[in-house]
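Here is the structure we will look at, set down as structure tokens.
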Amino acid sequence: MLTLLTAQVDDLGFNNMINQGRIGVSKDMNIKDSRLLVVDGFNATYQLLLPIIENDDIDLVICSSSGHLQACRAIAEMYIDSATIKTQFLVRGSSQSTKNLIYISYNYASANYISGYFSALFSKTGKIGFVSPGIAANNNDSFVYAFWMGARQVNPNIQFYYYNIGKYLDVDKTVAATNDLLDMGCDVVGNTLDDFSTGDASIARGFPAIGTNGFPQRHVYGENVIYSYSYNWTKYFLPIAQSVKSGITNNTQWYGDFDFDENKNFFHLDYGFQVNQTILNRMNIEIDYLKRTNRFSHPYYCNDLIPQYAKENDLKLVNVQGISLPIGCINHQTFLSINKPFPGMTYLGNYNIKLIEVEFSQSVQYGFSITTGILITITIIMMFGIVKYKSTPSIRSASPIFLNFILAGGIIVYIGIIVWVGPASDHQCNARLWLVTLGFSTLIGSLVVKNFRIWLIFDNPELKSISITNYQLFPWVGACLVINIILMAILTSVGDLREIDAQGIDSLGKYEYMKVCKMNSSGASTLYTILAYFAALLLVGVFVSWKIRIVDIQEFNESKAIANTLYAISFCLFVIVPLMISPQDKQSETIVLCTAGLFITTAALLIIFIPKFWRVFTLGDGGTNEMFRKKQSNVATARAESSKSSSGPKVNRRGNLVSDDFSDDTETSISEKKVNVVAGAVLAEFTDDTISEIDENDNNNIDQDNDENNNNNNNNNNNNNNNNNNNNNNNNNNNNNNNNNNNNNNNNNNNNNNNNNNTSNQSNGEKVKENEKNQDE
């Protein structure tokens, strides 16, 4: 004997009772080969069952569910006249039997009717509920109607609510639907499902449960179950198996129902102690009525609502002896087609479990937002510090406007991180990437571009006159931002970056979800391109930091700061990139990404700006180099420089002569005059648009240095209304004649060495006349 089930026997429902019937038959008949298989659906049943029928000597197959019906009928038809395969098939239904096909059914309507009858008797609120598989499971709601009709027989004003869940076995939906019904005020909830999930949910909420799936639930749950009915399949399987063994099946139909004959009584009812005697008496009276009355005249077949319902739904009425209008009757087939609710039944629809949103940790959001807010405040204070101390060497030499660009980029990144940890939405998903990428482009781009200028000025072996203003550098920073904007625009347009409700992530429950950002493969490819672009910027930054390592003056040499910043960024990218391309816990991924963003930005700003502000507070206006500490007048400076000339010119580490003229774009730079330098010197004119280096009190002083070597003649003429200072150095048979005359003061210095003569004369007045004369001896 082979028995097919649709679920495991531990469902405490229909499948368990079928298995109990199998066990009863096997014991009574001493069947040694009694198999049990779990399968459902036509294809699965057919593919599993056919080889067994063909290869094994199976006498009886019990196809217990409607899910097995079609496959078992098809195989039975294949071997209906077979001389070798004599297998008999017991299937659910009430169609015409054949030589190898036996039908069995039971009056499920009467079981539901009497359960509804009991529910109305026991209910204290006058509200009862029901959970049904529904039409989605190839089962109309005729049995729901039978349950309601039993309740209506007790209380015509009973309030009845029911859900369909689409399956005979769906624990999650059953529990959720039951809880909804209990929340509506129903104190008794029935079902036509395969398990006891409805009862479990009711008991968990402190409500009494009823067992309406054919299993004696009181044997398990005791007094938590106030009523249950159970099937006794052994009473029908046993005579059928005996007829198959004897070879005399008669191929009849079997039908289980309430019966006065205990050997044929298919249902057994059990009550809890909470059920009073009045309810028991009324239940016994109604059951006796069902036993003695023709079932086609039972109230679920014949009642006063059926004529109007049949008219509205185009159903056919039948004549039943002894019953006349206003009572109308329908046959069993018409009864099974009932799906639309009767007046008084409240259909709540197909139940869909309400998903519960799991929000991102509030503590993490607050932690990042507060930390980032503090860092933004500190960054703004640093911006004010840049403006306040812009005239100091440490700040001026680093280009204040670009320093503020770097700080502004950091603030944009910080704002992006606050948005990143916020609630997900389509706008948030796009805004966070825009802010973070633009912030990093501004920060890194400004840092690289401003140091690129320092490299060009100091690494100048050909001694070209280099004047690079901020206005010349702005387009390069703008280019960095434009590239970023173009890439982000592509990502936004083709990447389908949006918020989705994601399930099955971050150890979420089956019906929990989290709002996360998602993009398609095109967006991911663009994102990788953006990361590659940042990597290219970093490589350029590494190159620039390597080139400016030769600069001796600390105020200009940011190679270590840039290198350390890039090292910190590169280290974090090794963490970020794998996270971006591999599936991770979303909350953990967000925490790691935001922490890395904070670390990169904060480390970069601290590495770059802490040394600058430290030099401002410790050295003030002096700077680390003598060129920043010259406070005397131009005349004194000239004399000091003249006295130092014997000690040799200043050179940097590469042996190049360094000119100490580092001025800003808005200064009246005295380097605008023609400057002649010897081979190997570095002309460093470092400019900025916003700072004035010359004090108004020094408008009367002008320093002029003239260096001559190897048969070169240089003539420099300077006119000043107040003071003129000329220094002439002659070497190796060079003669320089400079005439300097002033309306107020004339100052002549002559230095002679190795037969060299120097004469300085210059005339300045209302009209300036310049004469140059060079003679090579």
Side-chain angles (χ1 to χ4, degrees), residues 398-399 402-403 405-413 416-417 420 430 432-457 459 468 470 472-495 497 519 521-549 557-582 593 596-605 607-608:
S399 298
F402 281 99
L403 294 180
F405 279 174
I406 293 172
L407 292 172
I411 291 176
I412 296 173
V413 174
I417 290 173
W420 200 294
N430 287 276
R432 66 182 193 176
L433 278 181
W434 276 93
L435 289 169
V436 171
T437 56
L438 285 175
F440 274 119
S441 289
T442 304
L443 191 156
I444 300 174
S446 299
L447 181 64
V448 172
V449 168
K450 87 179 192 67
N451 284 282
F452 192 78
R453 170 167 61 183
I454 296 175
W455 168 47
L456 292 179
I457 291 175
D459 193 7
I468 305 174
N470 290 333
Q472 292 174 293
L473 296 179
F474 289 159
W476 293 97
V477 178
C480 295
L481 295 177
V482 168
I483 294 173
N484 191 109
I485 291 171
I486 292 174
L487 291 174
M488 279 303 304
I490 295 173
L491 189 150
T492 303
S493 60
V494 305
L497 181 56
M519 67 180 71
S521 57
S522 298
S525 299
T526 307
L527 181 60
Y528 300 148
T529 304
I530 294 174
L531 293 176
Y533 162 65
F534 285 143
L537 269 182
L538 295 177
L539 289 176
V540 173
V542 170
F543 173 76
V544 172
S545 68
W546 170 257
K547 298 299 291 185
I548 67 173
R549 77 192 188 283
N557 192 336
E558 293 184 329
S559 61
K560 290 184 178 179
I562 297 174
N564 291 334
T565 300
L566 299 179
Y567 295 155
I569 294 174
S570 302
F571 172 77
C572 287
L573 287 179
F574 280 110
V575 178
I576 293 174
V577 172
L579 282 176
M580 298 294 288
I581 62 177
S582 61
L593 290 175
L598 283 178
F599 173 78
I600 290 174
T601 308
T602 306
L605 298 183
I607 291 171
I608 295 170

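Bear in mind that the values here come from a model prediction, so they are computed numbers and not experimental data.
The two residues Phe402 and Val477 come nearest to each other via the heavy atoms CE2-CG2, 3.5 Å. The shortest non-hydrogen separation linking Leu497 to Asn430 is O-ND2, 3.2 Å. Closest approach of Ser446 and Ile406 over heavy atoms only: CB-CG1, 3.7 Å. In this structure, Gly445 and Cys480 approach most closely via the heavy-atom pair CA-SG, 4.1 Å. In terms of heavy-atom proximity, Val494 sits nearest to Thr526 at CG2-OG1, 4.4 Å.
Between Leu403 atom CG and Leu447 atom CG the span is 9.5 Å, to the nearest 0.5 Å. Atom CG of Leu481 and atom CH2 of Trp476 lie 14.0 Å apart (nearest 0.5 Å). For the atom pair Ile485 CD1 and Leu438 CG, the distance stands at 5.5 Å (nearest 0.5 Å).
No option in Ile483, Leu433, Leu487 other than Leu487 meets the side-chain contact (heavy atoms from CB on, under 4.5 Å) test with Ile530. Partner of Thr601 under the side-chain contact (heavy atoms from CB on, under 4.5 Å) criterion, chosen from Val413, Ile412, Val436: Val413.
When side chains are defined from C-beta on, Phe405 does not count as touching Ser399, because their heavy atoms never get closer than 4.5 Å. With a 4.5 Å cut-off on side-chain heavy atoms, Thr442 and Asn484 do not count as touching. Side-chain contact between Arg432 and Leu593 is absent, with no heavy-atom pair separated by less than 4.5 Å.
With hydrogens and angles ignored, the 3.5 Å screen pairs a side-chain donor or acceptor of Ser493 with a backbone N or O of Ile490.
Between Phe534 and Phe440, the ring planes lie perpendicular to each other; the angle is over 60°, past the 30° to 60° tilted range.
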Practice item. Take Leu605 and Leu443 through the side-chain contact (heavy atoms from CB on, under 4.5 Å) test and state the conclusion after the steps. Key: CA-CA 9 Å; Leu605 298 183; Leu443 191 156; 4.2 Å; yes

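By the neighbour-count criterion of 12 heavy atoms within 6.0 Å, atom CH2 of Trp434 is densely surrounded, having more than that number from other residues, nucleotides or ligands.
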